[in-house]
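Notes for the one structure printed next.
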Amino acid sequence: MELSAQLPPMPKAENLVEFNVSSATRNRHFVDTASISVGEDKIVRYTVVIEAAGGARNVAFEGLRCATGERRLYAYGQPDGTWSKARNAQWEGIKFRSLLSYHKALYEDYFCPTASRQGRREAVRKLRQAGR
């Protein structure tokens, strides 16, 4: 059974760690390490920040269910620093065939399977290790 997700504080620059998605995208992707949690339900929850090549910035609080290869959006970050809960936020499959899927990168390279079993510290360690 899924636990309810608590919205974290908005990300701070010093907690953002960049991760690689693929050379097919010019966007920059970051995870707020302070927001990462692994619940008793084994869902990895985190805040992701995406900076588009043109300067746009998107912030989202999401979850990855490693056991089933699914993702879920909980909330969007607003320009005023508040969260807007996602409407009709359902679990959906990760697009494993897409080179542009940052969910695929997080699933395969950072959060699953070790972080979902070993917890938050392992997820942060893997992100920081890759971000060097």
Tightest non-hydrogen contact, residues Ala89 and Arg72, listed as O-NE, 3.0 Å

**Study point:** Distance-only side-chain donor-acceptor flag, Glu62 / Tyr74, under 3.5 Å
**Key:** no

Looking only at heavy atoms, the pair that brings Gly69 and Tyr107 closest together is CA-CE1, 3.7 Å

**OP:** Measure from the side-chain N and O atoms of Tyr76 to the backbone N and O of Val59, and report whether any donor-acceptor pair falls under 3.5 Å.
**Re:** no

| What about Trp83 and Val49, same hydrophobic cluster or not, with Ile/Leu/Val/Met/Phe/Trp/Tyr joined at side-chain heavy-atom distances under 4.5 Å? | yes

Are Tyr110 and Phe19 near enough that their ring centres are under 6.0 Å apart? yes

Pair His29, Glu51: side-chain N/O donor-acceptor within cut-off below 3.5 Å = no

Side-chain heavy atoms of Ser101 within contact of Val21, under 4.5 Å: no

dist Ile94:CD1 -> Cys66:SG (nearest 0.5 Å) comes out at 7.5 Å

Checklist line | Steps toward ring pair (Phe, Tyr, Trp, His ring centres under 6.0 Å) verdict (Phe61, Tyr46) | finding: CA-CA 6 Å; Phe61 181 58; Tyr46 57 92; 7.6 Å; no

Within the structure provided, determine whether Val31 and Val17 are in side-chain contact (heavy-atom separation under 4.5 Å). no

| said: Has Arg71 got a side-chain atom pairing as donor or acceptor with Glu92's backbone, closer than 3.5 angstrom? | reply: no

Thr33 side chain to Asn15 main-chain N or O, any donor-acceptor pair under 3.5 Å? yes

> Any donor and acceptor pair, going by atom type alone, linking the side chain of Ser37 with main-chain N or O of Gly39 inside 3.5 Å?
Replying inline: no

Candidate pair Phe96 and Glu108, rule side chain to side chain contact (heavy atoms under 4.5 Å, CB included), full reasoning | CA-CA 9 Å; Phe96 287 105; Glu108 292 178 344; 3.7 Å; yes

In short, Gly119 meets Val38 closest at the heavy-atom pair C-CG2, 3.7 Å

**Q.** Co-membership, hydrophobic cluster, residues Leu64 and Ile50, 4.5 Å side-chain
**A.** yes

Distance col, row Leu7:CG vs Arg45:CZ, nearest 0.5 angstrom, shows 11.0 Å

In this structure, CZ of Arg128 is separated from CD of Glu18 (nearest 0.5 Å) by 14.0 Å

Shortest non-hydrogen pair, Arg26 vs Ala53, comes out as NH2-CB, 3.5 Å

Tightest non-hydrogen contact, residues Ile43 and Gly63, listed as CG2-CA, 4.2 Å

Does Trp91 have Arg65 sitting over its ring (NZ/CZ under 6.0 Å from centre, angle to axis within 45°)?
yes

Q. Does Ser35 use its side chain to pair, donor to acceptor, with the backbone of Asp32 at less than 3.5 Å?
A. yes

